[in-house]
Amino acid sequence: MRRKLVAGNWKMHGSLSENEALLSGLLAGMADVKAGVAVCVPFPYLAQVQSRLQGSSIVWGAQNVSQEAKGAFTGEVSASMLKDFSCGYVIVGHSERRAIYGETDALVADKFAAVQAAGMTPIFCVGETLAEREAGVTEAVVARQMDAVIAKCGVASLARAVVAYEPVWAIGTGVTASPAQAQAVHAFIRAKVRALDATVAEGLVIQYGGSMKPNNAVELLGQPDIDGGLIGGAALNAEDFLAICRAG
Ligand code: PGA
């Protein structure tokens, strides 16, 4: 039985004082949460979340990482630096990084490898744009994104990773994939992995992301192949995020 994992992706939001209010709200409401819970925060706030969440059941992590181990890469942050702050998870391949910063499938695979080499768990994002969905190539796009990681790291690497299916057209738009639409792609992802390794496929946590809110979380998380959520907007409000966590 896979344990559900609900992760907040704070994106470029927050401040020391806002984070403090959010974190204390989360900590106060965790008693009846059965799902695993994580928050992925901007780099400058890792020390804050580490000191605030240490000893709690909430895991913390980052939203990006360099594919390089160290060196003259101005502005970059390495996986070992994130490990220094006891990050559990690192998001790689978010569609905003692919679209705005030109991250390719190959670069995302390199980042995935860097996160695992440092002993952390990648939250590996895949998903199609609206144009790709309308062109009927959703499965081909998701397969291509997954194949880049499988080719570089092997299917066994997915035993130490989380996959997040995030249809780009649903992110931050308020338009959620229907439970049936999401389930179909989740089942496709699991079947693709099962064809290579059945054990890895059964254990693989596949999150849904894209306008998951308290009012749709129960139905989405009730689908057989949806094992959690990657939450953007609703992760910035303690009550909303906790409501989603409780649905898991
Ligand atoms: P959203 O973002 O919940 O605001 O749609 C999800 C994500 O981008 O991870």
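Only a predicted model underlies this, so the values are computations on that prediction, with no experimental measurement involved. In this chain, residues are counted from 1 in sequence order. All ligand and atom numbering here is 1-based and tracks the order in the structure.
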Chemist: At a 4.0 Å threshold, what atoms of ligand 1 neighbour a non-hydrogen atom of Gly210?
Modeler: 5 (O)
Chemist: For residues Ser66 and Ala114, report the shortest heavy-atom separation together with the two atoms involved.
Modeler: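 In terms of heavy atoms, the two residues are closest at O-CB, 3.9 Å.
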Chemist: Over 60° means perpendicular and under 30° means parallel, so classify the ring planes of Tyr208 and His186, tilted if in between.
Modeler: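 Ring orientation of His186 relative to Tyr208: tilted.
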Chemist: Quick one: does Lys213 get a heavy atom under 4.0 Å from ligand 1?
Modeler: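 The answer is no: ligand 1 sits nowhere under 4.0 Å from a heavy atom of Lys213.
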Chemist: Can you spot which of Asp225, Asp197, Asp147 makes a salt bridge (Lys or Arg N to Asp or Glu O under 4.0 Å) with Lys192?
Modeler: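 One option only clears the test, and that one is Asp147.
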Chemist: Side-chain donor-acceptor pair under 3.5 Å between Glu128 and Trp169, yes or no?
Modeler: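 There is such a pair (donor and acceptor under 3.5 Å, judged by atom type) between the side chains of Glu128 and Trp169.
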Chemist: Any nitrogen or oxygen of Thr173 lying under 3.5 Å from a nitrogen or oxygen in ligand 1? Just yes or no.
Modeler: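 No - when backbone and side-chain N and O of Thr173 are compared with those of ligand 1, no distance drops under 3.5 Å.
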Chemist: Where on Ile171 is there a heavy atom closer than 4.0 Å to ligand 1, on the side chain, on the backbone, on both, or on neither?
Modeler: both
Chemist: Which of the numbered atoms in ligand 1 are under 4.0 angstrom from any heavy atom belonging to Lys11?
Modeler: 2 (O), 7 (C), 8 (O)
Chemist: Specify the closest pair of heavy atoms between Val168 and Thr129, including all atoms of both residues, with the distance to one decimal.
Modeler: CB-CA, 3.9 Å
Chemist: Looking only at heavy atoms of Ala170, does any of them come nearer than 4.0 Å to an atom of ligand 1?
Modeler: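 Heavy atoms of Ala170 do come under 4.0 Å of ligand 1.
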Chemist: Assess whether atom CD of Glu219 is packed by more than 12 heavy atoms of other residues, nucleotides or ligands within 6.0 Å.
Modeler: no
Chemist: Below 3.5 angstrom, do we get any N/O pair linking Ile231 and ligand 1?
Modeler: no
Chemist: Looking only at protein heavy atoms, identify the closest one to atom 3 (O) of ligand 1 and say how far it is in Å.
Modeler: Gly232 N, 2.8 Å
Chemist: Examine Gly209 against ligand 1 and note whether any of their N/O atoms are separated by less than 3.5 Å.
Modeler: no
Chemist: Using distance alone, with no hydrogens and no angle criterion, decide if His94 and Glu166 have a side-chain donor and acceptor under 3.5 Å apart.
Modeler: yes
Chemist: Around atom 4 (O) of ligand 1, find the nearest protein heavy atom and jot down its residue, atom name and distance.
Modeler: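 Atom 4 (O) of ligand 1 sits closest to the protein heavy atom Gly233 N, 2.8 Å.
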Chemist: Does at least one non-hydrogen atom of Ala234 fall below 4.0 angstrom from an atom of ligand 1?
Modeler: no
Chemist: Any side-chain donor-acceptor pair under 3.5 Å between Asp105 and Gln145?
Modeler: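 No, because no side-chain N or O of Asp105 sits under 3.5 Å from a partner of the opposite role on Gln145.
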Chemist: For ligand 1, which atoms, with element, lie under 4.0 Å from some heavy atom of Gly172?
Modeler: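 Under 4.0 Å from Gly172, ligand 1 has these atoms: 1 (P), 4 (O), 5 (O).
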Chemist: Within the structure, does Glu166 bring an N/O atom to less than 3.5 angstrom of an N/O atom in ligand 1?
Modeler: yes
Chemist: Please report the interatomic distance CD1(Ile231) to NZ(Lys213), rounded to the nearest 0.5 Å.
Modeler: 8.5 Å
Chemist: Using a strict 4.0 Å cut-off to heavy atoms of His94, name the atoms of ligand 1 that fall inside it.
Modeler: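 Near His94, the atoms of ligand 1 are 7 (C), 8 (O), 9 (O).
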